[in-house]
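What you see below is based on every heavy atom in this structure, not just the backbone, and it leaves out hydrogens, waters and symmetry mates.
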Amino acid sequence: MDQAKQDELKKAAAKKAAALVEDGMVLGVGTGSTVKFFIDELGKKKEAGLTLKAVVTTSSRSQKQLEDYGFTVSPLSEVDQVDLTVDGADRVDGQLNGIKGGGAALTLEKNVAVNSKKNVWIVDESKVVDHLSGFALPVEVLPISCMQVKKRLEDEGLKPEFRLEAGGQRLKTHYGNYILDLKLDRIPVPSGLADYLDHTVGVVEHGLFLGICDQVIIARDNGDIEVRSR
């Protein structure tokens with residue numbers, strides 16, 4: 001499929017998600033190529049009179065785009081709860097569980113998501129899988145114990161590798177931490193792995209988003225827009 005056709009599908013999915021946004025909401029906005037089109041749709045709705053109580057976002061790129069459309073972006077700590085968050089995902093399975101963190105913003109993404117009444121993901125068909133697989137699982141770790149955590153994960157057969165910048169140095173997250181990508185072919189029991197990582201000292205957060213997404217909007221290659229709800 002050519003890029004223009006793929007973009008049209010993403011725009012259609014973004015428009016479907018934008019239809020969920022209502023006046024007076026506290027809105028959470030993620031990041032990614034499809035979310036970019038969602039923000040464009042928000043800009044159109046603002047021109048037509050949309051007013052939001054507050055907007056929070058998970059990336060500086062989305063923040064700039066929102067501000068260019070005249071939205072004021074607030075820190076998550078300044079809102080009580082988010083009414084709706086629209087974000088992308090790196091993988092999503094049949095139970096609406098997902099892998100996120102390809103952009104290294106998993107900690108902020110998860111904090112926004114768990115403090116949202118409703119989470120909607122917009123993805124193209126390539127991100128949809130039967131079982132979580134095909135994408136390395138990001139794990140954010142503290143620099144102070146990163147080598148010990150890496151060794152522990154290696155001993156468990158989880159194949160961790162530091163995520164690197166283009167110049168070869170370790171990538172640092174917004175919070176100054178490192179990312180270990182678990183190069184797993186497939187995650188047979190996501191809940192078990194999530195529990196293990198949650199209880200591993202030195203792990204800040206991981207990219208397994210389980211039981212968080214309420215609805216996924218999928219841009220299918222045949223032009224259809226599929227909506228799945230939990």
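- By the side-chain hydrogen bond (donor to acceptor under 3.5 Å, both in side chains) test, Tyr69 is found to be paired with Asp40, residues two or more places apart in sequence or in another chain being considered.
- One hydrophobic cluster, built from ILVMFWY side chains closer than 4.5 Å, cannot hold both Phe37 and Val120; they sit in different ones.
- Remark: Arg91 is not positioned above the aromatic ring of Phe135, lacking an NZ or CZ atom under 6.0 angstrom from the ring centre and at most 45 degrees off the axis.
- Atom NZ of Lys45 is surrounded by more than 12 heavy atoms from other residues, nucleotides or ligands within 6.0 Å.
- Nearest approach of Arg228 to Leu96, heavy atoms of both residues: O-CD2, 3.8 Å.
- Residue Val56 is tested with Asn115, Val112, Leu66 for a side chain to side chain contact (heavy atoms under 4.5 Å, CB included); the sole match is Val112.
- Between the side chain of Glu125 and the backbone N or O of Asp221, at least one donor-acceptor pair lies under 3.5 Å.
- A donor-acceptor pair under 3.5 Å is formed between the side chain of Arg230 and the backbone N or O of Cys213.
- Judged by the 6.0 Å distance and 45° axis criteria, Lys100 is positioned over the aromatic ring of Phe209.
- The local environment of CG in Asp80 is sparse, with at most 12 non-hydrogen atoms from other residues, nucleotides or ligands closer than 6.0 Å.
- Remark: Asp23 CG is packed, more than 12 non-hydrogen atoms of other residues, nucleotides or ligands lying under 6.0 Å away.
- In the hydrophobic clustering of this structure, Leu20 groups with Val55; members are Ile, Leu, Val, Met, Phe, Trp, Tyr whose side-chain heavy atoms approach within less than 4.5 Å, directly or through other members.
- Residues Glu154 and Lys151 are not paired through a salt bridge, judged by the lack of any N-O separation under 4.0 Å between the basic side chain and the carboxylate.
- Using a cut-off of 4.0 Å between Lys/Arg side-chain N and Asp/Glu carboxylate O, Glu8 and Lys11 are scored as salt-bridged.
- There is no path of hydrophobic side-chain contacts, each under 4.5 Å, that joins Leu108 to Val29.
- Residues Asn97 and Trp121 approach most closely at C-CZ3, 4.2 Å, considering heavy atoms.
- Between the side chains of Asp87 and Thr85, no donor-acceptor pair is found at a separation under 3.5 Å.
- Summarising the geometry, atom CG belonging to Asp68 is positioned 7.5 Å from atom CD belonging to Gln65; distances are rounded to the nearest 0.5 Å.
- We find the CZ-CG distance between Arg163 and Asp181 to be 4.0 Å, quoted to the nearest 0.5 Å.
- The number of heavy-atom neighbours closer than 6.0 Å to NZ of Lys16, taken from other residues, nucleotides and ligands shown, is 12 or below.
- With Ile99 as reference, Ile187 is the one residue of Val92, Leu182, Ile187, Leu106 to meet the side chain to side chain contact (heavy atoms under 4.5 Å, CB included) rule.
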